[in-house]
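Read the structure below first, then the notes.
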Amino acid sequence: MKVLEIEDVCFSYDSREILKKVSFDTENNTIVSILGPNGVGKTTLLKCICNLHKPSSGSIRIDGEDVSSMSPKELARKVAYVPQKTNATHTTVFDSVLIGRRPHVDWSMSENDMEIAWSVMESLGLQDMSLSYVDEISGGEFQKVQIARAITQEPSLLILDEPSNNLDIANQHITMRMVHHVVKEHGICTVMTMHDINLATYYSDRYLFMKNGEVVAYGGNEVITPETIRRVYGIEVDVIDHDGQPIVIPKRNQPQYDNLVGAGVGGHNHHRPHHHHHDHEH
Amino acid sequence: MMSDEGIKGFIAHNRRKTLFIAALIAMTVLASFLALGFNTEVAMGDLLRIVFDRDNPSNDYIDETLVWGLGIPRILSALLAGIALGVAGAVMQCVLRNPLGSPYTLGISNAAAFGASIGIVVLGGGLIAGQSTASVVIDNPIIVTVSAFAWAMIATGIIIVLVKITKVSPETMVLAGVALSSIFSAGISLLQYMYNEYALSTIVFWQFGDMGKASMEQLYLIAAVTLVACVYFLYHRLDYNALDVGDDVASSLGINVNGLRIASLILASMLTAIVVSFMGIIAFIGLLGPHIVRRFLGNDHRHVLVGSMIMGALILVVSDCIGQNIADFTLPVGIVTSFLGGPLFLYLLVRGYRRRNASVASFLRRKTGGSE
């Protein structure tokens, strides 16, 4: 079942084109990772899907319905969003997860809402800290709380912006494994941005490679090739097979590194702090 | 942990917070009666009879007039102003995303004081009747009040227009409030400089927050505005929680973030404007009330909003009682709240919320039948 259909979406900010005719679609029970260098419009695309940004042209449909024609509440029942940065205030884990029921209630949370929140907390392993305060728990736990809040929203589409950001390698995998588990358990369609390609290949069904606001490649493991990586990131890599999963390893000798060193960038970097100091003292 | 057990624990946790608020309400009622007794110097037995059984023939006529004519309006003023300023502070802190947000952050009080000054000296609303400040009388309180309220709303309007046109961030709004405050206080200084010493002392006197200024009719008006604002705030209590997580999260939960922010600012400013216009400037309630409550109950607005109302009322009733009875002369409550509030606020900041009152915190954190 098609959940998300994006067609020729363009977005400009201050007359600068950020997204150029982006098109892709995906269905339920599928995890799509959006990959690409910093500043290619990954977050912008996510915000367009959540209707936080209005595309200048093109269409975004969720469950066959155009995002721009839905009321905020209707949209909130279909799409849940975990931004890169959220604030931890002095509220309990339970309360922070329960707020995900907001689009489904008018005046106050019912016992049923609490049960939904509780079962999500259980599947993310948060049940033992349900009454802890979110400003007093670790970064990994806080990230899980945010994801739990989004799943409690019972969306058909889950949007995650860098869900593994600022987590150590163990927490990255613990968090992503739980996301994977919960999303598959509920059959939710998930679209997330990722920096780490190898983390993405562990937990995604499909990959959307972007460069300069355009889609470079979209598909399963077959699109993870040295050619794609070169076109998107401009580096040379080997792609090896690890139990049927592609692993991307940058080559030791990169022609463009040599260029950088040749242009004196390396040396410049080395001396920069010294120059800075110098300016201040005289 | 079983699902039932977890949810029961959560419900019990919330019930303890509700209990804390109930205890606060009981304390406020008690404080109100004690303050009424201190202020009117009527014995507690007689006082209770006069309050609850007004037609009882054994009531002393003078006492009854004192209690109903002066004492009760004074207590009601303090309760109402405390509720209004407390809740306005809690809401401002959330929508401005700033722990220093208070009813005065946007320059509302300085604008009201400027408006009152205009009313006093330019519109001829006020003159000093006697030589000492104790006998200062404002000839035409209606002109002064209306002018104060109008200018407070003008200040609010300027902020809203700024928000609408430039889509400024909450952080910028706070800075704009600082700028507006400075403009209006310069305006007050200018008026004080240009007019005579009588005008000057009337302006200064007006600015002292005093619970004895408002009449019962005016209290009804303040109560009506407070009620409307509180209903709106309480209806959106969950939305404020979402706003705390971030604007994008709140939007993705279906909340109209800009609409909520602007409506909340307007209502909180109106509350402030109407209290300041009728009673003068009362500092610190909007900061102290919400922050004490947050220390004990956390930032969940289901508890913070009601808690801030009650805490604001309690602080103001107690402060006013202290101001009325501490010396041979009476002190305006605005001075008392600043003197009490400043040090108390510093104490709260230094202590930090991790070392909250151990007994209350452990009481609030205890899970039913389980260990931490």
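Protein chains get the first letters and strands the later ones, always in sequence-line order, with residue 1 at the start of each.
Considering CH2 of A:Trp118 and CD of B:Glu5, their distance stands at 8.0 Å, rounded to 0.5 Å. A distance of 5.5 Å separates OG of B:Ser252 from CZ of A:Arg149, quoted to the nearest 0.5 Å. Distance OG1/A:Thr89 to CZ/B:Arg97: 12.0 Å, rounded to 0.5 Å. Taking CD1 of B:Ile7 as the start and CE of A:Met121 as the end, the distance is 8.0 Å to the nearest 0.5 Å. Note that the CE atom of A:Met114 and the CD1 atom of B:Ile11 stand 4.5 Å from one another [nearest 0.5 Å].
Each of A:Leu75, A:Asn51, A:Ile99 has some count of heavy-atom pairs under 4.5 Å with chain B, and the biggest count is that of A:Ile99. Ranked by heavy-atom pairs under 4.5 Å with chain A, the first of B:Ile255, B:Leu234, B:Asp244 is B:Asp244. Annotation: maximal heavy-atom pairing with chain B below 4.5 Å, among A:Ser119, A:Pro103, A:Pro83, occurs at A:Pro103. Per-residue counts of heavy-atom pairs under 4.5 Å with chain A were compared for B:Val249, B:Asn14, B:Asp247, B:Asn241; the largest is that of B:Val249.
The closest side-chain heavy-atom distance from A:Asp95 to B:Arg302 is below 4.5 Å.
Of all non-hydrogen atoms in B:Arg294 and A:His90, the two that sit nearest each other are O-CD2, 4.2 Å. The two residues A:Gln146 and B:Val245 come nearest to each other via the heavy atoms OE1-CG1, 3.6 Å. Considering all non-hydrogen atoms of both residues, B:Leu253 and A:Arg102 come closest at O-CG, 4.3 Å.
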**OP:** Let me see the working for A:Met109 and B:Leu238 under side chain to side chain contact (heavy atoms under 4.5 Å, CB included), right down to the final yes or no.
**Re:** CA-CA 10 Å; A:Met109 304 291 182; B:Leu238 295 174; 3.9 Å; yes
Subject >> Test side chain to side chain contact (heavy atoms under 4.5 Å, CB included) applied to A:Leu131 and B:Phe10, step by step >> reply: CA-CA 7 Å; A:Leu131 297 182; B:Phe10 178 62; 4.0 Å; yes
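Neither the backbone nor the side chain of A:Ile159 has a heavy atom closer than 4.5 Å to any heavy atom of chain B. Contact of B:Asn256 with chain A is not made at all, since no heavy-atom distance falls under 4.5 Å. Contact annotation for A:Thr92: only side-chain heavy atoms (C-beta onward) come within less than 4.5 Å of a heavy atom of chain B.
In B:Met27, the CE atom is not crowded: 12 or fewer heavy atoms of neighbouring residues, nucleotides or ligands sit closer than 6.0 Å.
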